[in-house]
Amino acid sequence: MSVDSTTPIAPLFTATVPGIARIGANRELKRAVEAYWSGRSDRAALEAVAVQLRATGRRTLTEAGIDAVPVNTFSYYDQVLDTAVMLGALPPRVAAIADPLDRYFAAARGADGVAPLEMTKWFDTNYHYIVPEIGPDTTFALDATKVLAELAEAAADGVDGRPVIVGPITFLALSKAVDGAAAPLERIDEVVTLYADLLGRLARAGAAWVQIDEPILVTDTVDELPGLAARVYRTLSAIGERPQILVQTYFGDAGDCLPALAGTGVEALGIDLVAGGLTGVEAADLSGKVVVAGIVDGRNVWRTDLDRALTALEELRGRVGTLVVSTSCSTLHVPYTLDGEDGLDDALRGWLAFAAQKHAEVVALARAYANGRADQAETFDTAAAALATRVTDPRLHVEAVSERVAGLTEADWTRTDSAVRRDVQRAALNLPSLATTTIGSYPQTTDIRKARQALRTGAIDDAEYVRRMQAEIADVIALQEEVGLDVLVHGEPERNDMVQYFAEQLDGFFATVNGWVQSYGSRCVRPPILFGDVVRRVPMTVDWIAYAQALTGKPVKGMLTGPVTILAWSFVRDDQPLADTANQIALAIRDETVDLEQSGAAIIQVDEPALRELLPLRAADRESYLEWAVTAFRLSTSGVVDATQIHTHLCYSEFGEVIGAIAELDADVTSIEAARSHMEVLADLNGIGFANEVGPGVYDIHSPRVPDTDEVTASLREALAAIPADRLWVNPDCGLKTRTTEEVTQALKNLVAAAHAVR
Ligand code: GLN
Ligand code: ZN
């Protein structure tokens, strides 16, 4: 098919989604790949599950009334890794593996003697992608096997699928240069040639449309992005034989990139009207384009206000060539369906929409846009009635909570000067310099898992569960005394997850039974849903910490999750500013710190591993985010007396942008992942005049390798070059729950020995 004008030709469509989940409504893919990895099943069994899941995905969409079905949205692990395979861009150590599937999984998770590629967060979501490595010797070469196969599979099923591929700009911008190679984006022209080749092949294979995902266009991480987008898509739209092109953006406002794309020959533009706005639309002439309007939130779990959505769509009428209704991004990021969530009361259920419900909303909006609201009156009225109760439900607006938040002043999030606190704490705690501690969790033993399982099935009662957890705590305390640590922890055996544990005890949250979403590869998470005002009725952690403290003369740290992390790892209400919600959680945590202090805890750690995660994609939005995030953390930690030492913990991330905020948190002690980033973070902290105490991780807990004393000593000396001994703590770089007791015992012995040697 040849396209020589920018006027879209048939077949047009009215309702679509940029992509769907692939892990399976009951996590079938997770089970299938894990069985395959462990050798419990063979490749044929794995492939059969994949075929089944893709068929179910297509059927789900067509049955919902979606008239343009995306294909190639399936993945055995990750779509960015799939793109690296498609472009022949696997590093030599992996490419050497002969079998394609073994090679693929080796890239994702490593194999004998082959290190996996890195993994990092997909924009500001909790999905993680595999980071392609582009070296000087990377030779790009097109391998269209997967996308052509999925297109053909759909066709055989009677579905004219729209292949979805990660775009060239996004792919290269998310890749990392290795072995001294130049920035991957410098190779854009080479890669665009491959995409041009691919488009020809897709056209010959019968694809009428192709969707090229370019979420990078909503960020400002690349210089001159609009110019680059214009150049790339002018080239791709100029080729003779190709499907019609939909350039799909999501997770924000494509801003100046939208007019830039509008000036190219691509037929369609996908825009996120939930996370973004209409600024790009206003600046661009879209009268000749198909606009795929992402008006149904693909990232959060709330039911769409259909009347409001229709009004927003009406604003586009006349300004765009053809309007197609869609979700704001792939529904990969939300659970499959509300069906089966029988624990929800009717009101709650009425406020929610998971992927299946969102697909139906897209179709209802498309029909109402075409035929008028009356055509969908029943659906619209039902939605409006359900959402009306979301305004009046007493659980959403607890007066005592909003009054308390409204009454907050700076004094509530300000402690005495940190130098003054340090003197008081030193006198009270009397710790050696280079004090040793751990981050919180200890190995998740089979006993712990069995006890949790037994409690769930009713095989044991609460009292027996508590006894078993106490036994675990006693073991962990004994282990820590044996290895000679200075500040102990209880080990967190009672916590299934550091966010869910608190969500289960706070009003305003609820947990789903099957609300799983893919986090990376076969790994899924089940984020709690924060729907109402947050109320802490009773202490949540005090009994456990007090129990642990009673077993030892050494200080035991109270252990809490911070407000920003609780927000980041939950689905969060969208009916009030995030900052207000953060403050509500902060007050609950604050009350808990005060109770812990009263019960005798002299040290309390409030973890914020997700501080970096919520950082907005656009630089202009970052300052206000960091301001409310820091305020919420400080609010949660400023209710205690000067003598109580507040610790925080941050996991590895690109700290660059948030380094100032780390100092602003004003924790007395900050433990931070540094083993893998070679203590660079300490230089950065010094650079901004950070003067509080710090515990850079002295070994990497993510590897089963036990570091010897010399190695820990070396890493400690490296840290000492940046931070004086009286401000330096000695600890691993993260929690120990994924390790075995043997690994942990030996590693901690070596850590303590290193601290003694250096002292
Ligand atoms: N206290 C938590 C633990 O040790 C911190 C986990 C994290 O950093 N993600 O497991
Ligand atoms: Zn961590």
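Both ligands and their constituent atoms are indexed starting at 1 by order of listing. Along the sequence shown, residues are numbered consecutively beginning with 1. All values below come from the heavy atoms of this structure, side chains included, with hydrogens, waters and symmetry mates left out.
- Here the rule is side-chain contact (heavy atoms from CB on, under 4.5 Å) with Leu751, and of Thr713, Leu485, Val483, Thr438 only Leu485 fits it.
- Close contacts between ligand 1 and Ile439 involve ligand atoms 1 (N), 4 (O) [criterion: under 4.0 Å to a heavy atom].
- Between Phe251 and His333, the distance separating the two ring centers is shorter than 6.0 angstrom.
- Interface atoms of ligand 1 facing Cys734, defined by a heavy-atom separation under 4.0 Å, are 7 (C), 8 (O).
- When hydrogens are left out, the protein atom nearest atom 9 (N) of ligand 1 is Cys651 SG, 3.5 Å; that is the closest non-hydrogen contact.
- Applying the 4.0 Å criterion to heavy atoms of Gly735 picks out, from ligand 1, the atoms 3 (C), 4 (O), 10 (O).
- Atoms of ligand 1 lying under 4.0 Å from any heavy atom of Lys737, numbered from 1 in the order shown and given with element: 10 (O).
- With a 4.0 Å heavy-atom cut-off, ligand 1 is reached by the backbone of Ser441 and by its side chain too.
- Counting all heavy atoms, side chain and backbone alike, Ala602 lies closest to Leu429 at CB-CD2, 3.8 Å.
- The residues Glu34 and Arg523 are annotated as not salt-bridged, no charged nitrogen and carboxylate oxygen being separated by less than 4.0 angstrom.
- For ligand 1, the atoms sitting less than 4.0 Å from at least one non-hydrogen atom of Pro609 are 8 (O), 9 (N), numbered in the order shown with element in parentheses.
- Remark: aromatic rings of Phe509 and Phe531 are distant, center separation not under 6.0 Å.
- Close N/O approach between Met498 and ligand 1 is not found [any backbone or side-chain N/O within under 3.5 Å].
- Glu464 has a carboxylate O that lies under 4.0 Å from a charged side-chain N of Arg468, or vice versa, which qualifies the two as a salt bridge.
- The residues Asp124 and Arg299 are annotated as salt-bridged, a charged nitrogen and a carboxylate oxygen being separated by less than 4.0 angstrom.
- Compare Asp733, Asp607, Ile701, Leu650 by their heavy atoms: the one nearest to atom 1 (N) of ligand 1 is in Asp607.
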